[in-house]
There are 2 protein chains.
Amino acid sequence: MRQINGQPVTTTNSQTRERILEAAEAVFGDNGYHDAIVDAIGRRTSLSKGGLYFHFPSKERLFFAVLDRLADRLVSKAEEAAAGDGPALDRAEQALRAVLTALSRKRRLARLLMVQGYSMGNQFERKRAEIFDRFAAVIEGRLREAVLNGEMVEADPALTARIWLGAVNELVIHWLHAGGPSPAQRADEVAVVLMGGVRAPMPVPMPAELAR
Amino acid sequence: MRQINGQPVTTTNSQTRERILEAAEAVFGDNGYHDAIVDAIGRRTSLSKGGLYFHFPSKERLFFAVLDRLADRLVSKAEEAAAGDGPALDRAEQALRAVLTALSRKRRLARLLMVQGYSMGNQFERKRAEIFDRFAAVIEGRLREAVLNGEMVEADPALTARIWLGAVNELVIHWLHAGGPSPAQRADEVAVVLMGGVRAPMPVPMPAELAR
DNA sequence: CTGTGCCGACCGACCAGTCGGTTTGTCATG
DNA sequence: CATGACAAACCGACTGGTCGGTCGGCACAG
């Protein structure tokens, strides 16, 4: 085992990987892919460049690993929120709110997922698509149920899910840049606009009945 | 005057600028800011690097000039569509459709405005915000009218405009990546989802009248 | 003595931007 | 109309700084 001033350092392989991912998340989050310098991640990890490259084959792969890790967490949150057995449309709304909340909680995380990747150029697009697709799938599943249950007007669940995602994306980016109340704080208003477009109208009492 | 194989080339200053902008639009659109090589723009223009740098002080400024030019055109289209004297909410919808159509018409334009800018890193964020704000302002203005006229439920016009923009953005990006029918082709469905969330409910005939 | 984990000096590709120089158009002047 | 002077437009070889990635080597455990 190697030592640092006498103290034995007994990191296992996976613990070090985790440390690197943590540091990389910070550095990529602050600077974006392109402007993030590998040595900076090394500094935060007390690891040399060689050490880093022992665990990850390239800057690109490291970045993707960071993104996947974040996406996993967020998607889990969305899925949890979308679980249960209430009306499907309500669960879709809960998933939406969960994402809004999670992204509002940590600016850096949001920046990473929504913005910072683009600086790596065209290769990032596929990754972004992959991640967004995962979120879309969660929402879309509930909406599909909702359509079947007649809770929702006849709108394409896939399209609707995209629209929701886009809204979240833009709101978060705008908030990151302009400040103001976080998207989570405005979740109720957002829900009105987004849900209003799809929720099946309340069954109106028949005129005949009223006329009685 | 300089010559190219015998033909005199009598470009005025502004014509050359235009040629450069055109070429730069293509190169940036294909590669994103960072991966775009200034010499490639030179090649497309039959201009040397020195020639380019005579007209634009830096790669960054050139990129911004390209973006501004595109944004100007698009915003004009949106404004035209939003003009007139019909119901404000309908005009907002027209603006939305105009943007959807314009972006669907030219993939490269869409890529540039929606995606590629980020690749220049943090400096771009301000620019993106500026451009998106211009679009938001067009939509928001109509929505504000609509609220005053009671055409619309009580929702914050600024927030709603952001949501619409985000939806457009995501739909375009997803279409660019995954193909399928263009956002313009799906404009009706999009309108249902987005407008449904804000349009004031049709004034329902009073029960009293029905009962008569 | 072998493998895992790590070190860090170094390499080399890349490319924005520079700069001394050239070509061409314009225009005042004799 | 020839001439020379000046500027606008353009050329393209070169530089300088930046990092991602490599590689020979070291330390320690088992």
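Letters A, B, ... mirror the listed sequences (proteins, then strands); counts begin at 1. Keep in mind it's a predicted model, so treat the numbers as computed, not measured.
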Counting only side-chain nitrogens and oxygens, does [X] get under 4.0 Å of the OP1 or OP2 atom of [N]?
X	N	value
A/Thr16	C/dC6	yes
B/His34	C/dA16	no
A/His55	C/dT4	no

Starting from [atom2] on [N], measure out to [atom1] on [X] and report it in whole angstrom.
X	N	atom1	atom2	answer
B/Asn31	C/dC14	CG	C1'	15 Å
A/Phe54	C/dG8	CZ	C1'	16 Å
A/Asp35	D/dC19	CG	C1'	12 Å
A/Gln15	C/dG5	CD	C1'	14 Å
B/Arg19	D/dA9	CZ	P	13 Å
A/Gln123	D/dG20	CD	C1'	13 Å
B/Ile41	D/dC10	CD1	C1'	17 Å
A/Arg61	D/dG21	CZ	C1'	14 Å

Taking any heavy-atom pair under 4.0 Å as a contact, classify B/Ala36: base, sugar-phosphate, or nothing.
sugar-phosphate

For B/Tyr53, what residues pass the ring pair (Phe, Tyr, Trp, His ring centres under 6.0 Å) criterion, not counting sequence neighbours?
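Listed in chain order: nothing, the list is empty.
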
Kindly point out which of [options] is positioned nearest to the side chain of [X]?
X	options	result
A/Lys59	D/dG21, C/dA16, C/dC7	D/dG21
A/Ile37	D/dG20, C/dC15, D/dC10	D/dG20
A/Tyr53	D/dT22, D/dA9, C/dC6	D/dT22

Pairs touching residues 59-97 of chain A that satisfy ring-ring contact (aromatic ring centres under 6.0 Å, His included), sequence neighbours left out:
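As it turns out, the ring-ring contact (aromatic ring centres under 6.0 Å, His included) pairs with a partner in residues 59-97 of chain A, which skip direct neighbours, are A/Phe28-A/Phe63, A/Tyr33-A/Phe63.
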
Distance-only donor-acceptor hits, side chain of residues 73-82 of chain B, under 3.5 Å, sequence neighbours excluded:
residue: B/Ser76; atom: OG; partner: B/Asp72; partner atom: O; Å: 2.7

Tell me, do A/Arg128 and A/Met114 make a side-chain contact under 4.5 Å, heavy atoms counted?
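They are not in side-chain contact.
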
Salt bridge (charged side-chain N to carboxylate O under 4.0 Å, His left out) partners of residues 90-102 of chain A, not counting sequence neighbours, each pair once:
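For residues 90-102 of chain A: A/Asp90-A/Arg199, A/Arg91-A/Glu145, A/Glu93-A/Arg97, A/Glu93-A/Arg199, A/Arg97-A/Asp188.
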
Can you list every salt bridge (charged side-chain N to carboxylate O under 4.0 Å, His left out) pair that touches residues 112-123 of chain A, not counting sequence neighbours?
none

Polar side-chain atom of B/Arg108 near backbone of B/Gly29 as donor-acceptor pair, under 3.5 Å:
no

Return a single string for nucleotides 12-17 of chain D, one symbol per nucleotide in 5' to 3' order, where B is base contact, S is sugar-phosphate-only contact and - is none, cutoff 4.0 angstrom on heavy atoms.
B-----

